[in-house]
Number of protein chains: 6
Amino acid sequence: MGADQRTVIVRRIRRADAQTVRALNDLGVATVHEAQGRTGLMRPYMRPIYASARVGGSAVTVSCQAGDNLMIHAALEVVQAGDILIVTTTSESTDGMFGELLAVSARARGVAGLVIDAGVRDVTDITAMNFPVWAKAISAHGTVKATGGSVNVPVVCAGALVTPGDVVVGDADGVVVVPRAAAADVARLGAERVTKEQKSRERLRAGELGIDMYGWRGKLADLGVKYVDE
Amino acid sequence: MGADQRTVIVRRIRRADAQTVRALNDLGVATVHEAQGRTGLMRPYMRPIYASARVGGSAVTVSCQAGDNLMIHAALEVVQAGDILIVTTTSESTDGMFGELLAVSARARGVAGLVIDAGVRDVTDITAMNFPVWAKAISAHGTVKATGGSVNVPVVCAGALVTPGDVVVGDADGVVVVPRAAAADVARLGAERVTKEQKSRERLRAGELGIDMYGWRGKLADLGVKYVDE
Amino acid sequence: MGADQRTVIVRRIRRADAQTVRALNDLGVATVHEAQGRTGLMRPYMRPIYASARVGGSAVTVSCQAGDNLMIHAALEVVQAGDILIVTTTSESTDGMFGELLAVSARARGVAGLVIDAGVRDVTDITAMNFPVWAKAISAHGTVKATGGSVNVPVVCAGALVTPGDVVVGDADGVVVVPRAAAADVARLGAERVTKEQKSRERLRAGELGIDMYGWRGKLADLGVKYVDE
Amino acid sequence: MGADQRTVIVRRIRRADAQTVRALNDLGVATVHEAQGRTGLMRPYMRPIYASARVGGSAVTVSCQAGDNLMIHAALEVVQAGDILIVTTTSESTDGMFGELLAVSARARGVAGLVIDAGVRDVTDITAMNFPVWAKAISAHGTVKATGGSVNVPVVCAGALVTPGDVVVGDADGVVVVPRAAAADVARLGAERVTKEQKSRERLRAGELGIDMYGWRGKLADLGVKYVDE
Amino acid sequence: MGADQRTVIVRRIRRADAQTVRALNDLGVATVHEAQGRTGLMRPYMRPIYASARVGGSAVTVSCQAGDNLMIHAALEVVQAGDILIVTTTSESTDGMFGELLAVSARARGVAGLVIDAGVRDVTDITAMNFPVWAKAISAHGTVKATGGSVNVPVVCAGALVTPGDVVVGDADGVVVVPRAAAADVARLGAERVTKEQKSRERLRAGELGIDMYGWRGKLADLGVKYVDE
Amino acid sequence: MGADQRTVIVRRIRRADAQTVRALNDLGVATVHEAQGRTGLMRPYMRPIYASARVGGSAVTVSCQAGDNLMIHAALEVVQAGDILIVTTTSESTDGMFGELLAVSARARGVAGLVIDAGVRDVTDITAMNFPVWAKAISAHGTVKATGGSVNVPVVCAGALVTPGDVVVGDADGVVVVPRAAAADVARLGAERVTKEQKSRERLRAGELGIDMYGWRGKLADLGVKYVDE
């Protein structure tokens, strides 16, 4: 208890099956977020460092002291191919805790992407590597390696709770977290949503109004919305 | 009066003529802003979701409850080809109130672009559609349809007053609003400005100093600015 | 003393030699920042207006009244080829103090780039010119020319002290300032760092862990970090 | 048109009657905001400089260049007893545009308070004078007097449209603007609301639940909210 | 699963014993935060609405749609004396979701305080009631009652995970959350810390230096810190 | 050079004479800022933790790693009675680097106040001690003692350059820095300003308009400001 709580590395975590992860990645962030009842979305300040970044994978969480990236290095020992590093700091920081060397190392260990509630640097190199990263800031400011932290404990990242092994999906719309136990259900609900939306898309493209298609004229009237000609 | 004030849809508005709108669009935001005496500019947090976005059109305004996009759907019934949706919320929000389905619907109804003082989602799809959008945030967070609002009433969007039918111009520099009655004059003043700037550009490109070309050496002296050699 | 202090234009400054400037530019912001002991970095809100912007040069500093760009014009008389304009305002502002006409003029006078703790406009044109700019904001809001300021006095820009003649390096990671007297040493230390990192890169790419390569397992133990299997 | 638009001083404006202003002031910001259908509220960054500040009055609007308070001085010629100065800048600024000397002058001219979308200074003195001020920032940074602006034109202040003569009410909850033509109706609706709330207050104080008193149990069920015992 | 997840009211939760809660409250936020290994602190934007606010209690959590306070009303049915309401919204909002009427109701039901990751209003009245509130914003903007949410599910509030029944302590330094299971241990460790600090305080007050008392001179030397006389 | 640059403690600095410091403190921040030509003001986010805080003294500067307060402890060995600690971090942080124990120690060593570009905690206790503090944030988050830094080197604090021995003045309007060499001149100019303002105050209090007293009617006309009656 107490300080010890923050300084543990959990070697083994349970992950969702690869097919479910792939399915969620294919759905994209907005659809996954809707499919799980509008939960699990990170705050919109969490942005990709290049526009085409897209990834889905299992969360390996890292809790660091602000300005100290020692635990990211430690985490790379326990990752599996397809994992996504979810890095948080115990207090707010924009320091560049992750750069090109760490990206090379992460890729060599099979890491599929990074979501970091702090800063990154070497963004030109990382973009050239096509290594997907979502971050709060871009900053060249380096970090010390002086304070312990934890790997694979529950963390809060950009306002979302992430439990190790949760499925994380990132794209140009942001990052969403799906609890491992719910992943298969969410993937199924998301697929149903996609099918339904495809039908709506065709009707809207043909010029039908959403208020007709979805049947909201009555709701507008009930809410007291009046039409005037001015 | 009171609550009723917010829940009205005005079907018909007066718009500037197409030629004036086109002329203002060609001038671009910075020139239009200067030409109308540095008024009407939205706050710089209003940014295009892709760098090449550019649009000019007539404002159809939408006032929504934060986190509720019902009135955007309602607005699509009263738009004309070339209109720009100006969407505001009655209190601050970053929710993704507009996504790819709405973009498909908006385009089908002739809408030329969107300016929203809140969030958007599906930005990869909307960019692929080349549908120009300026927004405060990118967020996958969806919205409910539970509260009434208004269409085509005066709104404040990103710090600028927008009256329905005003000409709105957006490009990489931001978004500017031109009152309909002033649009032709501003277009003319902007064109004169462009002509004048072209002459200045040539002289500056040839190496002439602005302080000489504009005649500001006397002003510098009057202001007490001294030259020293160190 | 007093008000006079802000209204001086220093014509001549000492600059670092071209070879050192080029060497620092080649190293990039993150390496330079590390090489000089993690000092001199501007705040991460200072961002390039296009992703590929990269520059190194000697600082010509400009201190302006917020919303007034008269002194930028004045500064262009005292620049040399390869200089970088470092523009600050005496209080916070996002106004677009620098646009395409000034970029044309600056380029004609040999200026290599701009770092401005305020706003810029005409960003599409400036990007097309490939003129590198780092700014706090993009804003079409123009400026008056009514108040004196200074050129080539020490300024604070985005949290970093800049003395005229300091070497400034900018890339996608931000902007760093190197005191002129330290520039050669920093360039040498940076080169050593690059050599060392190249060796680390190869080992990391081969899958070796940073905690092994850098020898941090003992440190983790000393810090009380425990491994558990869940 | 154009630049002229910003440089006019309107000497005479229409104001709401004193009794209505007083009634709105007595209701307070939250009640007034509700009574007029949740419109007209300034953004929550607009805060009183001391907690007990409270005022109601007629808006005299001032539009200034950022960092330039010349037009506040000009405005004091056209105020009447009981007016509230609503000061905005054409672009964002935190400069201290109003200090103790201006407060002395404003009070001498009958001004009842100040709402400023920028900074103020001498806050200790102004607090000692019990002169009510709402501001975006507190800053000692002074201003120049070099650029024209306008008095008594419509302005946007902290996100709210203010037309000269509108009733403005400020208290610890913020600032709300009531269109002059609606002021009497809003005062009446607010008074009804106060009466109704007094009854609710008694029942709630006695321990009755809001979901019973307002009859929301059915709504909760309709929305699919389920009760579980854990 | 899915949408259902957000729309549940859990009637019964387990709470820490009253003595432990009282002990944690007596320790204050900074000491509790240290005693549990620097975890559980909310972001510093969470501030008391009056400086002397201080509270400790058991968390009853409320998850609302932004701009909708229906679930706060629902939560008041399941509170016990001494509970603290922890209110979050599913996306960011500053709306005033809690005012004086709700404070009266909350107090009548025994609620000891409120922590809300959104806005509050009627702050003068709530302060006069001496009802302790921590909030992100003060805003008169009212809320609708149109969307379901949850009571007593785990939530993230101002960056901290709160599980129903956790002990929450608030004072002028902010708000900290202690997991129920750890509460007794943290209280004990905090008490030890207080005792130790009292001894340090006496020595520091007598003029002894911290670097001597804590024995950090060797650490400074090891870190390469050099003393010079200038 | 390089890393060494940040890890030095300068034991002896030159200070302004006590009488000048006292004179500047008596003038207050706004007057001092004006008297030295509107330079040296810290950004307005630097706020006192209690409204009546007021101090003037000589700057002892401290540069820390973010989240690490070791160097504040080290600095207390080199302070003299009447000094003000100016604490900065090498990258942005809101951690509570200074609390009641450090305040007790600082007061025992004669420190007159603290200005910190980061967070403080124990604000109730520090307020009760009447120890004046200006800070960017209030946060209970504690700090490690793991990384070296410097004492009495030039630093940038809240946007202002501070050289050790500069005179620092803080009050409810913020914090201003006066170079030691200029302190006597600024004190004299400030006193003249106070005398002149006293005369202006009397005339304004009697109802004279600033535009008459300062003679700005001609300027308004020159700027094209027109009076209309509406």
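Everything numeric here is computed off the predicted structure, so don't read it as measured data. Below, read A as the first sequence line, B as the second, and so on, with proteins coming before strands; counting in each chain starts at 1.
A heavy-atom distance below 4.5 Å is found between the side chains of E/R121 and D/E34. Counting only heavy atoms from C-beta outward, the side chains of D/V225 and E/I9 approach each other to under 4.5 Å. Looking at D/R201 and E/E100, their side chains come closer than 4.5 Å, going by heavy atoms from C-beta outward. For the pair D/D173/E/S139, no side-chain contact is recorded, criterion being any heavy-atom separation below 4.5 Å from C-beta on.
In this structure, the separation between CG on E/D125 and CG on D/D171 is 9.0 Å, given to the nearest 0.5 Å. E/H73 contributes atom NE2, which lies 5.5 Å from atom OH of D/Y214 (distance to the nearest 0.5 angstrom). In this structure, OG1 in E/T7 is found 5.5 Å from NZ in D/K226, a value given to the nearest 0.5 Å.
For chain D, no part of E/A106 is nearby; none of its heavy atoms comes within less than 4.5 Å. For a residue to count as touching a neighbouring chain, one of its non-hydrogen atoms must lie under 4.5 Å from one of that chain's; by this rule D/Y45 does not touch chain E. Within the 4.5 angstrom heavy-atom criterion, no atom of E/V79 approaches chain D. Contact annotation for D/R47: only side-chain heavy atoms (C-beta onward) come within less than 4.5 Å of a heavy atom of chain E. Heavy-atom distances place the side chain of D/R217, and not its backbone, under 4.5 Å from chain E.
Heavy atoms from other residues, nucleotides or ligands lying under 6.0 Å from CD of D/Q198 number more than 12. For CD of D/Q19, the number of neighbouring non-hydrogen atoms (other residues, nucleotides, ligands) closer than 6.0 Å is 12 at most.
By the 4.0 Å N-to-carboxylate-O rule, E/R11 lies close enough to D/D229 to be salt-bridged with it. The residues E/R109 and D/E208 are annotated as not salt-bridged, no charged nitrogen and carboxylate oxygen being separated by less than 4.0 angstrom.
E/I138 approaches D/A172 most closely through the heavy-atom pair CG2-O, 3.6 Å.
With chain D as partner, the option from E/D122, E/T94, E/N152, E/I49 having the largest number of non-hydrogen pairs under 4.5 angstrom is E/D122. Looking only at heavy-atom pairs under 4.5 Å with chain E, the residue among D/L220, D/V228, D/L223, D/V176 that has the most is D/V228. Ranking E/T127, E/V120, E/L70 against chain D, the residue ahead of the rest is E/L70, based on heavy-atom pairs under 4.5 Å. Chain D forms more heavy-atom pairs under 4.5 Å with one residue of E/A137, E/G119, E/A146, E/S105 than with any other, namely E/S105.
Judged purely by atom type and a 3.5 angstrom limit, D/K219 uses its side chain to pair as donor or acceptor with the backbone of E/K145.
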May I have the step-by-step check of side-chain contact (heavy atoms from CB on, under 4.5 Å) for D/I211 and E/E77, ending in yes or no? CA-CA 9 Å; D/I211 53 171; E/E77 189 175 21; 3.5 Å; yes

Working note: D/R38 + E/V144, criterion side-chain contact (heavy atoms from CB on, under 4.5 Å); need CA distance, chi angles, decisive distance, verdict. CA-CA 11 Å; D/R38 293 184 185 158; E/V144 299; 3.6 Å; yes

